[in-house]
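Heavy atoms only: backbone and side chains are in, while hydrogens, waters and symmetry mates are out.
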Amino acid sequence: MSNQMAAPIRRNIEFSVLNQEKIDKIHEKSIYLMEKVGMKITGERAITLLLDNGAHLGADGRIRIPQDMVARAIKSAPKEITLYTRDGAPAMVINSENQVYFGTHSDQLELVDPVTNTVRQFLKQDIKTMCKVADYLPNIFFVLSVGMTADVDPKVQSQSTFIETVKNFSKTINFSTNDIQALQEIIDIAADVAGGLDKLQEKPFIFNYCEPIPPLTHPLESTEKIYISAKNRIPFVYMPYCMMGGTSPMSKAATLAQCNAEALTGLVISQLVSEGAPFIYGAMPSVFDMRTSIGSYAAPEFHLNIAAMADLVAYYGLPFYGTAGCSDAKVIDEQAVAEATFEIFSTMLSKANIIHDVGVMDHCKSVSPELVVLANEIIEGLKHYTAGIDVAEEEFALDVIEKVGPGGHYLTEVHTNKNFRKIWYPSLFSRKMNNEDFSEVSGKIKAKIADILENHQVPQLDAAVLAKLEKWEQKLGL
């Protein structure tokens, strides 16, 4: 199989967590937090822009952002963003048309090794493994390059990981950076790959990821990353990670309002830097587990809150970046499969657009290639559920029913022959007449990964581009 992606997942059915009354209330409380409570914001460039355009600096050092600034930012932000492959082909059209795109990681702190079945530190050489697997799987549209390889100098981890990812992955790259300088350098590297910044802006194959620090804090690293992304007009995600009881109140409604206020602050800054700059709204309103002191990636409240935020962001008309296909378990077991499936099902029925963290485990400490392959299968199956029911006249096939009549069967009918491939036939799960008395899925996943790594060829970059990347590697001391 080639590295061609499947068609985007289009929902024909969906659910809503919030009705209009609840959306209005959450928005109202978010505006209260921005106007009356205020944000702690660091970064001279961001502060100057805010104060010059109507925000107020209080005696307590907090900046208060009035409602009209928020309204202007929501209005000016693009309601549709197209992201491209490394070679400039349209890959993800993110808008309100119920299209869903999933992505995984190209690196992480740890790897759940599919060969040794152990959890170990993530090394630079593992990037190629994750990229090849993701490049092959049709339901994985992007990877997140985060810069966590244990055998690379932390000062250049972000740049190193991005270079390895762009060499070994032909689809869209979502990236984050360890510091401000790395962000501009990665944009410059991507511009070299695209043939110039203007071409990268025209057909972005990258989008940046950055976060504030809840509650209500936007440090220099965050505001400068917003500034650099918006100035370069590179799409970026701004995503508060609020943990109920830890970094947000122990209340879903309060957490949603706080999370929204923090994300909208990032939106306002981005639109002041460059009106119309592409902005992707992100939110991780999870729970702080009081028994373990972790922020859960699989709590049902987390994924309910994500679906609620997707409703709110759909009301704003903005692209939404969600989370699914992950687990708090250390290895793939019954817990991991149950959590990943539940999350994918929830997010596919919600209004989320781009979904990250597929295959992430142990509350975001590790990534598992096996869980990514399994999630690809789960997504494929659930696509047939979210497709809904078509009631076009020809779908009723009344002539076929009339021909077969009572007591007949449809096995030999032309209609059956033409349409039986429309249902889902799993590649990993079994529907044998006589099943084995042991699970075959794990072996199939391992065999699939081995086959991908041996036989799948990621399209090679042009020699001139590879030469530019080599110069970057020399400059960075890689």
Side-chain angles (χ1 to χ4, degrees), residues 40-50 86 105-109 122-124 127 142-167 169 172-201 204-213 217-241 265-266 269-270 272-274 277-280 282 356 465-478:
K40 181 180 179 181
I41 298 174
T42 310
E44 184 178 342
R45 295 200 291 187
I47 291 172
T48 299
L49 278 173
L50 288 164
R86 188 185 65 185
H105 283 234
S106 71
D107 67 307
Q108 190 53 277
L109 282 170
F122 200 103
L123 303 176
K124 183 177 179 179
I127 296 171
F142 66 95
V143 293
L144 180 54
S145 169
V146 292
M148 291 185 176
T149 44
D151 53 345
V152 175
D153 184 346
K155 294 179 182 178
V156 292
Q157 276 177 333
S158 302
Q159 301 94 315
S160 169
T161 298
F162 182 80
I163 290 171
E164 286 302 303
T165 300
V166 81
K167 284 180 181 178
F169 188 69
T172 308
I173 301 173
N174 183 199
F175 72 97
S176 61
T177 64
N178 295 340
D179 54 46
I180 298 166
Q181 178 182 339
L183 172 56
Q184 186 59 61
E185 288 186 338
I186 287 177
I187 292 172
D188 293 341
I189 293 168
D192 278 347
V193 174
L197 181 59
D198 58 337
K199 290 184 172 59
L200 180 63
Q201 292 168 336
F205 71 91
I206 60 168
F207 63 111
N208 183 30
Y209 174 98
C210 55
E211 301 175 339
I213 300 178
T217 304
H218 306 263
L220 174 67
E221 290 78 6
S222 301
T223 59
E224 278 298 293
K225 287 178 181 180
I226 293 172
Y227 199 103
I228 293 168
S229 297
K231 182 181 178 182
N232 286 277
R233 298 189 74 84
I234 297 300
F236 77 100
V237 178
Y238 201 57
M239 191 172 203
Y241 179 25
T265 298
I269 295 170
S270 77
L272 292 176
V273 173
S274 181
F279 178 89
I280 301 170
H356 85 312
V465 173
L466 288 171
K468 291 178 182 178
L469 293 178
E470 187 176 348
K471 287 183 179 179
W472 273 106
E473 290 174 323
Q474 292 171 353
K475 178 180 176 181
L476 297 166
L478 299 174

Verify, without hydrogens or angle tests, whether Thr48 (side chain) and Glu44 (backbone) share a donor-acceptor contact under 3.5 angstrom. yes
Spacing of Leu144 atom CG and His356 atom NE2 [to the nearest 0.5 Å]: 6.5 Å
Within the 4.5 Å heavy-atom criterion, are Tyr209 and Thr177 side-chain neighbours or not? no
Are Phe122 and Leu109 close enough, and set up right, to give a side chain to side chain contact (heavy atoms under 4.5 Å, CB included), and what steps lead you there? CA-CA 6 Å; Phe122 200 103; Leu109 282 170; over 6 Å; no
When you look at Asp188 and Trp472, which way does the side chain to side chain contact (heavy atoms under 4.5 Å, CB included) test go after all the steps? CA-CA 10 Å; Asp188 293 341; Trp472 273 106; 3.7 Å; yes
Are the side chains of Ile186 and Ile163 in touch, meaning some heavy atoms are under 4.5 Å apart? no
Minimum side-chain heavy-atom gap Thr265-Ile41 below 4.5 Å: yes
Closest approach of Pro212 to Ser222 (non-hydrogen atoms, all atoms of both residues): CA-OG, 3.8 Å
Main-chain N/O of Thr172 paired with Arg86 side-chain donor or acceptor, under 3.5 Å: no
For Glu185, enumerate each residue passing the side chain to side chain donor-acceptor pair (under 3.5 Å) test, keeping only those at least two apart in sequence or located in another chain. Gln159, Gln181
Give a yes/no verdict on a cation-pi contact between Arg45 and Tyr227, requiring under 6.0 Å between NZ or CZ and the six-membered ring centre and an angle within 45° of the axis. yes
Checking Asp153 side chain against Lys155 main chain: does a donor-acceptor pair fall under 3.5 Å? yes
Without swapping roles, check the side chain of Glu224 against the backbone of Gly43 for a donor-acceptor pair under 3.5 Å. no
For residues Asn178 and Gly147, report the shortest heavy-atom separation together with the two atoms involved. ND2-O, 3.6 Å
Is any side-chain heavy atom of Val146 closer than 4.5 Å to a side-chain heavy atom of Thr161? no
Classify the ring geometry of Phe236 against Phe279: parallel below 30°, tilted from 30° to 60°, perpendicular beyond 60°. perpendicular
CD1 on Ile187 to CZ on Arg233, rounded to 0.5 Å: 13.0 Å
To the nearest 0.5 Å, how far apart are OG in Ser145 and CD in Glu164? 10.0 Å
Are Gln157 and Asp107 close enough that a side-chain donor and a side-chain acceptor fall under 3.5 Å? no
Looking at Ser106 and Val143, would you say the former's side chain and the latter's main chain have a donor-acceptor pair under 3.5 Å? no
Closest approach of Pro235 to Pro204 (non-hydrogen atoms, all atoms of both residues): CD-CB, 3.9 Å
Neighbour count above 12 (heavy atom, 6.0 Å) for Lys468 NZ: yes
Rounded at 0.5 Å granularity, tell me how far OG1 in Thr42 sits from CD1 in Ile47. 6.0 Å
What pair of heavy atoms forms the shortest contact from Leu200 to Ala191, and how long is it? CD2-N, 3.8 Å
Please determine whether the number of non-hydrogen atoms from other residues, nucleotides or ligands lying under 6.0 Å from atom NZ of Lys124 exceeds 12. yes
Check: Asp179 side chain, Ala182 main-chain N or O, donor-acceptor pair, under 3.5 Å: yes
At what distance, to the nearest 0.5 angstrom, does OG1 of Thr217 lie from CD of Glu211? 13.0 Å
Check whether any side-chain heavy atom of Asp192 lies under 4.5 Å from a side-chain heavy atom of Leu469, and answer yes or no. no
Determine the minimum heavy-atom distance between Thr149 and Ile127, stating which atoms define it. CG2-CD1, 3.8 Å
Atom NE2 of His218 and atom CG of Leu50: how far apart are they, to the nearest 0.5 Å? 9.5 Å
Under-4.0 Å salt bridge between Lys167 and Glu473: yes
Asn208 versus Ser229, closest heavy-atom pair with distance: ND2-OG, 3.0 Å
Flag side-chain contact, heavy atom, 4.5 Å: Val166 against Phe205: yes
Under 6.0 Å between ring centres, would you say that holds for Phe142 and Phe207? yes
